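See below for the structure under consideration.
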Amino acid sequence: MARACSRGSGKSATSMPSTELERSIEGISRRMLTLTLSNLERDGLVTRTVHPTVPPKVEYELTSVAWELHETLQRLTGRAERNRVYIAESRAAYDEERAPELV
């Protein structure tokens, strides 16, 4: 979801309409998106705003805690990507060293 939401200036996030979220996340059903957003709201990671229009307009915004989590996960995945070759080589060396001898 963090990839789908944009961040405004400073610590505030720009809200995103639920329909735009649904379009931006490939392969997710409306039901699964609703359940996920509900759980994220319950966990304090998103805020939900319902505008009194017809039809109702619902927007979601990441909280500061969610942005902190997003930044941490970005650093972790970046580190894993930067060390991908090293990890693959280490695994291959480990497997080769411990492979049972073929008779």
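On a predicted model such as this, the values are computed, not experimentally measured, just so you know.
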Using 0.5 Å steps for rounding, measure from the CZ atom of Arg42 to the CG atom of Leu40. 11.5 Å
Can a donor-acceptor pair be found, under 3.5 Å and without considering hydrogens, that links the side chain of Ser15 to the backbone of Glu61? no
Look up atom CD in Glu41 and atom OG1 in Thr36, then write down how far apart they are to the nearest 0.5 Å. 12.5 Å
Student check: side-chain heavy atoms of Glu59 and Arg48 closer than 4.5 Å: no
With clusters defined by side-chain heavy atoms of hydrophobic residues (ILVMFWY) lying less than 4.5 Å apart, directly or transitively, does Trp67 cluster with Leu76? no
So do Arg75 and Thr72 actually touch side chain to side chain, heavy atoms under 4.5 Å? yes
Note: Arg79 and Asn83 closest approach over all heavy atoms is O-ND2, 2.9 Å
Here the pair of heavy atoms bringing Ile28 nearest to Glu22 is CG2-O, 4.4 Å
From CA spacing to verdict: side chain to side chain contact (heavy atoms under 4.5 Å, CB included), Leu62, Leu45: CA-CA 6 Å; Leu62 294 177; Leu45 298 174; 5.7 Å; no
Quick one: does any side-chain atom of Thr34 pair with a main-chain N or O of Arg30 as donor and acceptor, under 3.5 Å? yes
Could you tell me whether the side chain of Arg82 and the main chain of Gly78 form a donor-acceptor pair under 3.5 Å? yes
With side chain to side chain contact (heavy atoms under 4.5 Å, CB included) as the test, would you mind laying out the steps for Leu21 and Leu37 before giving the verdict? CA-CA 10 Å; Leu21 265 174; Leu37 288 168; 4.1 Å; yes
Please walk me through it: do Tyr60 and Met16 pass side chain to side chain contact (heavy atoms under 4.5 Å, CB included)? CA-CA 5 Å; Tyr60 293 90; Met16 181 177 270; 5.7 Å; no
Side chain to side chain contact (heavy atoms under 4.5 Å, CB included) evaluation trace for Leu33 with Ile25: CA-CA 9 Å; Leu33 179 60; Ile25 304 172; 4.2 Å; yes
